[in-house]
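Structure, as structure tokens:
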Amino acid sequence: MSQVTFGKITLPHGLALAPLAGVSDRAFRRVCRACGADFTVSEMVSAKALCYEQRKKDPKNRSVSGQLASVMADELPMAVQIFGSEPDFMAEAARMIEANEYIGCVSEVPPSAIDINMGCPVRKVTANGEGSALLKNPKLIGEIVTAVVKAVSIPVTVKIRAGWDRDSVNAPEVARIIEASGAAMLTVHARTREQMYEPGVDRSVITAVKNSVSIPVLGNGDIYTAADALSMMTETGCDGVMIARGAMGNPWVFSEICAALDGRDFAMPSAAERFEVALTQVREMIAEKGERVGVAEAKKHLSWYCHGMEGAAAARSRLMQAVSYDELASILREMGGKA
Ligand SMILES: Cc1cc2nc3c(=O)[nH]c(=O)nc-3n(C[C@H](O)[C@H](O)[C@H](O)COP(=O)(O)O)c2cc1C
């Protein structure tokens with residue numbers, strides 16, 4: 001029904017987990033896939049940092065960007081997202097990621113696609129002309145996409161915003177350039193950079209992009225329920241949807257949408273069941289990053305999993321004090337037992 005195909009990849013329900021810096025790590029990507037996301041995107045990786053890290057002589061082979069870019073076979077199909085503004089660095093980073101040739105690489109396989117970030121609104125990124133700042137320079141967008149497409153054999157996808165600000169909404173024009181430069185799929189976050197994440201998206205921009213290109217278009221912005229996803233698809237004609245904040249603490253949003261698309265009923269798992277999934281995620285985070293970092297990073301995820309439940313505020317402050325997996329697990333299991 002909402003099947004999306006690009007390159008050799010088919011997304012049966014057209015459902016993607018968005019790239020989320022500090023959130024869409026492998027453990028969370030796996031949980032979202034298990035809940036029904038067809039496709040996931042890594043946290044953004046700086047193309048320049050990845051390239052520069054190759055020049056360091058680190059005997060321990062440590063590389064922050066290298067860790068972020070690594071891909072395991074069981075998480076396909078997924079894309080590694082890169083950001084930057086220089087076509088040469090972007091092309092070289094993409095080539096290294098596809099070839100699994102970089103310091104810190106623990107990949108079993110290449111990613112299914114390379115995604116290019118043209119939406120990040122953070123000042124530290126846009127000040128370098130990267131992320132959403134690229135929307136002010138459509139010519140450079142064409143050069144970057146062309147260079148990356150040439151450097152890899154896997155599909156290249158791009159994620160854009162509506163435009164830089166309300167006076168320069170240019171997503172349809174940018175989308176045409178991206179398609180002409182060889183990209184295989186496009187995601188549109190229907191806010192301008194100026195709007196950052198403020199409530200309300202302009203879905204008409206997604207409609208306009210969809211009418212401007214023939215590659216698949218994923219609609220993104222404020223999807224929290226199956227009703228939101230279905231209305232996004234019917235109102236805009238987009239081929240599928242990408243979800244970011246709506247999946248944080250609620251990966252079952254994907255299960256709910258799959259059920260709605262298939263005409264099945266959906267029942268939310270019980271709190272105790274949800275917390276067991278959350279704890280599986282935490283164990284994977286710890287296996288990958290070690291207990292200290294894993295526990296520290298898990299706290300925000302677990303707070304999201306508690307969202308809206310009775311006693312969530314008290315549980316959150318206990319979670320924040322916890323220093324071990326066992327502590328996190330006992331707080332959650334106590335709460336799950338009461339729910
Ligand atoms: C914590 C956080 C981190 C994000 N990191 C990225 C990123 O690394 N790359 C990117 O293209 N977008 C990033 N985004 C933007 C999201 O992918 C998405 O476009 C945006 O949140 C709108 O979707 P939503 O309304 O479903 O949250 C991030 C958003 C949030 C809230």
Side-chain angles (χ1 to χ4, degrees), residues 15-26 28-29 32 37 39-47 49-50 64-65 67-69 78-85 90 93 111 113-126 130-135 141 144 156-163 171 174 178 183 185-203 205-206 209 217-229 231-233 236 238 240-251 253-254 256-257 297 299-301 303-304 307:
L15 295 180
L17 170 70
L20 283 159
V23 178
S24 66
D25 62 3
R26 194 172 347 278
F28 188 54
R29 296 197 297 265
C32 290
F39 183 66
T40 65
V41 187
S42 74
E43 303 172 69
M44 62 183 188
V45 178
S46 162
L50 188 69
V64 178
S65 311
Q67 296 257 326
L68 296 178
M78 72 157 286
V80 171
Q81 188 188 61
I82 55 173
F83 73 97
S85 62
M90 295 290 272
I114 297 289
D115 187 61
I116 304 179
N117 180 323
M118 300 195 182
C120 182
V122 175
R123 191 174 298 280
K124 149 172 129 192
V125 170
T126 57
E130 302 167 334
S132 57
L134 289 169
L135 299 172
I141 286 178
I144 290 173
V156 174
T157 59
V158 183
K159 181 161 174 282
I160 61 173
R161 279 186 176 240
V174 161
I178 288 170
M185 185 169 74
L186 185 62
T187 300
V188 187
H189 175 193
R191 283 188 181 87
T192 61
R193 189 272 176 177
E194 183 184 44
Q195 290 173 289
M196 303 294 280
Y197 293 100
E198 72 191 27
V201 293
D202 180 0
R203 289 183 172 182
V205 175
I206 300 176
V209 169
V217 174
L218 302 185
N220 169 238
D222 288 357
I223 294 174
Y224 292 92
T225 62
D228 293 338
S231 68
M232 170 76 93
M233 290 183 201
T236 68
C238 66
V241 295
M242 180 175 269
I243 302 178
R245 289 165 300 170
M248 286 161 38
N250 184 23
V253 69
F254 294 109
E256 187 199 345
I257 301 170
E297 291 188 4
K299 292 177 183 179
K300 61 178 182 249
H301 284 274
S303 303
W304 296 327
H307 182 76

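Atoms within each ligand, like the ligands themselves, are counted from 1 in listed order. Positions are given from 1 along the sequence.
Contact annotation for Met44 and ligand 1: heavy atoms of both the backbone and the side chain come within less than 4.0 Å of the ligand. Using a 4.0 Å cut-off between heavy atoms, Arg245 contacts ligand 1 through both its backbone and its side chain. If you look at Asp222 next to ligand 1, the close heavy atoms, those under 4.0 Å, come from the backbone and the side chain alike.
Arg161 places no side-chain N or O within 3.5 Å of a backbone atom of Gly131 that could act as its donor or acceptor partner.
Residues Thr40 and Phe28 form no side-chain contact, since every pair of their non-hydrogen atoms from C-beta on lies 4.5 Å or further apart. Within the 4.5 Å cutoff, the side chain of Val41 has no heavy atoms near those of the Lys159 side chain. With contacts defined as side-chain heavy-atom distances shorter than 4.5 Å, the pair Asp202/Gln195 does not qualify. His189 has its side chain within reach of Tyr197: a pair of non-hydrogen atoms, C-beta onward, lies under 4.5 Å apart.
Around atom 18 (C) of ligand 1, the closest heavy atom drawn from Thr187, Val241, Asn220, Val201 belongs to Asn220. Here atom 1 (C) of ligand 1 lies nearest to Ala21 when heavy atoms of Gly22, Ser42, Ala21 are compared. Selection from Tyr224, Phe83, Tyr197 by nearest heavy atom to atom 15 (C) of ligand 1 gives Tyr197.
Every residue two or more places apart in sequence or in another chain that forms a salt bridge (Lys or Arg N to Asp or Glu O under 4.0 Å) with Arg245 is listed here: Asp222. Asp25 is linked by a salt bridge (Lys or Arg N to Asp or Glu O under 4.0 Å) to Lys289, counting only residues two or more places apart in sequence or in another chain.
Judged by the shortest distance from any of its heavy atoms, Gly221 lies inside the 4.0 Å radius around the atoms of ligand 1.
Scanning the protein heavy atoms around atom 9 (N) of ligand 1, the nearest turns out to be Gln81 OE1, 2.7 Å. The nearest heavy-atom contact from the protein to atom 26 (O) of ligand 1 is Ala244 N, 3.0 Å. When hydrogens are left out, the protein atom nearest atom 30 (C) of ligand 1 is Leu20 CD2, 3.4 Å; that is the closest non-hydrogen contact. When hydrogens are left out, the protein atom nearest atom 13 (C) of ligand 1 is Pro19 O, 3.2 Å; that is the closest non-hydrogen contact.
Using a 4.0 Å cut-off to heavy atoms of Ala18, the atoms of ligand 1 that qualify are 17 (O). Applying the 4.0 Å criterion to heavy atoms of Lys159 picks out, from ligand 1, the atoms 10 (C), 11 (O), 12 (N), 15 (C), 16 (C), 17 (O), 18 (C), 19 (O). Near Asn117, meaning under 4.0 Å from any of its heavy atoms, are these atoms of ligand 1: 9 (N), 10 (C), 11 (O).
For the pair Ile206 and Cys238, the tightest heavy-atom approach, listed with the atom from each and the gap, is CG2-CB, 3.9 Å.
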Which is it for Trp304 and His307 under the ring-ring contact (aromatic ring centres under 6.0 Å, His included) test, yes or no, and what are the steps along the way?
CA-CA 5 Å; Trp304 296 327; His307 182 76; over 10 Å; no
